[in-house]
2 protein chains.
Amino acid sequence: MDLFWRHGYEGTSIADLTAAMGFTPPTLYAAFGSKEDLYREVIQFFLLRSERRRMEAALEQPSAYAVLRFYLYAAAENFTDPQTPAGCMVATAALQCATENQPIVQEVARIRQQMLLAFVERLDVAKTSGELPATIDSLALAHFYTAIVQGMSVQAIDGASTNDLLAVADLALSAWPGTKDEG
Amino acid sequence: MDLFWRHGYEGTSIADLTAAMGFTPPTLYAAFGSKEDLYREVIQFFLLRSERRRMEAALEQPSAYAVLRFYLYAAAENFTDPQTPAGCMVATAALQCATENQPIVQEVARIRQQMLLAFVERLDVAKTSGELPATIDSLALAHFYTAIVQGMSVQAIDGASTNDLLAVADLALSAWPGTKDEG
DNA sequence: ATAATTATCTATCGATCACTAGAAAAATTT
DNA sequence: AAATTTTTCTAGTGATCGATAGATAATTAT
């Protein structure tokens, strides 16, 4: 996971992986099938351990605004955690790949769309509860906060600090067009 | 440029490039030196023709707010222009590469830092002119709008429409903490 | 303890990677 | 028109790519 996270799908070779894991290619292929299968498995593992956990923890917050704040603050911390590679493993992964790796590109893009839809769902709830005006376009607002997360990931990769990203998060939250009540 | 833009540095092979340009590898190497040299030249060409032009046109706007609006609207249009690959060629390029290609990663990251600093400079001017409160952190605000551009690029690659990105731009502009006067 | 199974190894596959020597062709100069 | 220079080609370099056949070692089952 560390290697794919740091160097991407195409930037990580089987030789890199087997050297890091301490065994030889046949073992890797017996265990995971192919490089592509392994990457898919790693992505699912990442989602389970990091992204999905972050989203689920955020969704426990009592208001849509608090959900966003929790998620963005957690992202700022996680994206700059020195114990993991910088940025998010899915938010800015597999953006450009060779033609033969388009299945990977589409897979990761599909996961990003799911992240987007998770935001949309929570924002729709916020509209029915009155936290957001009914005139608000949930999809547009979700696009905005998703873009922020993706931009934060790029900047983390470029070396931004936790505080840099927290400031970005705060500015994004200042654009919130609904109530900021906590209950 | 189209190939590197669409498939990235590692996703584009010399064979891809020579096939697209209609000649053979020795011609490419005589003309450009190496794949890395060619990529650097392509990036500079892109900056000249697209990114720098967009920034310079934006900076002709009469207020900092108008500069940002112009730049973000132009980005929304350009990132989804069907005549070019989706997204920005530098905003979301070379984020993950193999160890041997780290010079490329650093080069592109350096260019993104220059984009950031261009925003910082204009925001500092806005503080002296009173468009922005003197208490505003120019660097943080620049990080925010740069993140928006990078996020818009990711979403364009994922298939977002011009209108999707314009909505993101409008929400980002709604976070502007200064005067929105046009003069 | 022996047999069957599983896991991992060495060694290598053909394909492709970025790149280049030397010949042939095209353009330019005299 | 002949000589020179420049350009592009054919054909290939060694290295590395993802992936695998067959042998060996370790484990599990009987």
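Every chain is numbered from 1, with letters handed out A, B, ... down the list of sequences. Because only heavy atoms are used, hydrogens play no part in the values below, and waters and symmetry mates are left out as well, while side chains stay in. A quick note: this is a predicted structure, and the numbers were derived from the prediction, not measured.
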Taking only heavy atoms on the protein side, list every residue of [range] lying under 4.0 Å from any atom of DNA chain C, sorted numerically.
range	answer
residues 4-12 of chain B	B/Thr12
residues 25-35 of chain A	A/Pro26, A/Thr27
residues 93-101 of chain A	none

Whole-Å distance between [N] [atom2] and [X] [atom1]?
X	N	atom1	atom2	result
B/Phe23	C/dT20	CZ	P	16 Å
B/Ile14	C/dA15	CD1	C1'	17 Å
A/Asp16	D/dC17	CG	C1'	11 Å

Report task. In sequence, state the C-alpha distance, the side-chain angles, and the governing distance for B/Gln155 and B/Asp164, and then conclude on side-chain hydrogen bond (donor to acceptor under 3.5 Å, both in side chains). Result -> CA-CA 9 Å; B/Gln155 301 199 4; B/Asp164 289 337; over 6 Å; no
Query raised in the report: Strictly by modelled atom types, are A/Glu36 and A/Ser34 linked by a side-chain donor-acceptor pair under 3.5 Å?
Result: no
**Report entry** Residue B/Ser13, side-chain heavy atoms: nucleotide from C/dC17, D/dG18, D/dC9 that is nearest
**Finding:** C/dC17
Report task. Output the residues of residues 103-110 of chain B in contact with DNA chain D, where contact means a heavy atom of the residue under 4.0 Å from an atom of the strand; sort by number or write none. Result -> none
Query raised in the report: In the hydrophobic cluster built from side-chain contacts under 4.5 Å, what are the other members alongside B/Val105?
Result: none
Requested in this report: For A/Tyr71, enumerate each residue passing the ring-ring contact (aromatic ring centres under 6.0 Å, His included) test, keeping only those at least two apart in sequence or located in another chain.
Outcome: A/Phe119
Can you tell if the side chain of [X] reaches within under 4.5 Å of the side chain of [Y], non-hydrogen atoms only?
X	Y	result
A/Gln113	A/Leu116	yes
B/Leu48	B/Gln44	no
B/Cys88	B/Met115	no
B/Thr84	B/Phe79	no

Report task. Please determine which of B/Asp2, B/Val42, B/Val108, B/Leu47 meets the side-chain contact (heavy atoms from CB on, under 4.5 Å) test together with B/Met89. Result -> B/Val42
Query raised in the report: Could you go step by step and tell me if B/Glu51 and B/Arg112 meet the salt bridge (charged side-chain N to carboxylate O under 4.0 Å, His left out) rule?
Result: CA-CA 11 Å; B/Glu51 166 58 26; B/Arg112 279 194 291 268; over 6 Å; no
Query raised in the report: Which part of the nucleic acid does A/Thr24 contact within heavy-atom distance under 4.0 Å: base, sugar-phosphate only, or nothing?
Result: base
Query raised in the report: Within 45° of the six-membered ring axis of A/Tyr29 and under 6.0 Å from that ring's centre, is NZ or CZ of A/Lys35 located there?
Result: no
Query raised in the report: Considering all heavy atoms of both residues, which atom of B/Ala175 and which atom of A/Ser174 are nearest to each other, and what is their separation?
Result: CB-OG, 3.5 Å
Report task. Please report the C-alpha distance between A/Arg52 and A/Glu56 in whole Å, then the side-chain angles of each, then the deciding distance to 0.1 Å, and finally whether the salt bridge (charged side-chain N to carboxylate O under 4.0 Å, His left out) criterion is met. Result -> CA-CA 6 Å; A/Arg52 197 160 302 163; A/Glu56 285 174 1; 5.4 Å; no
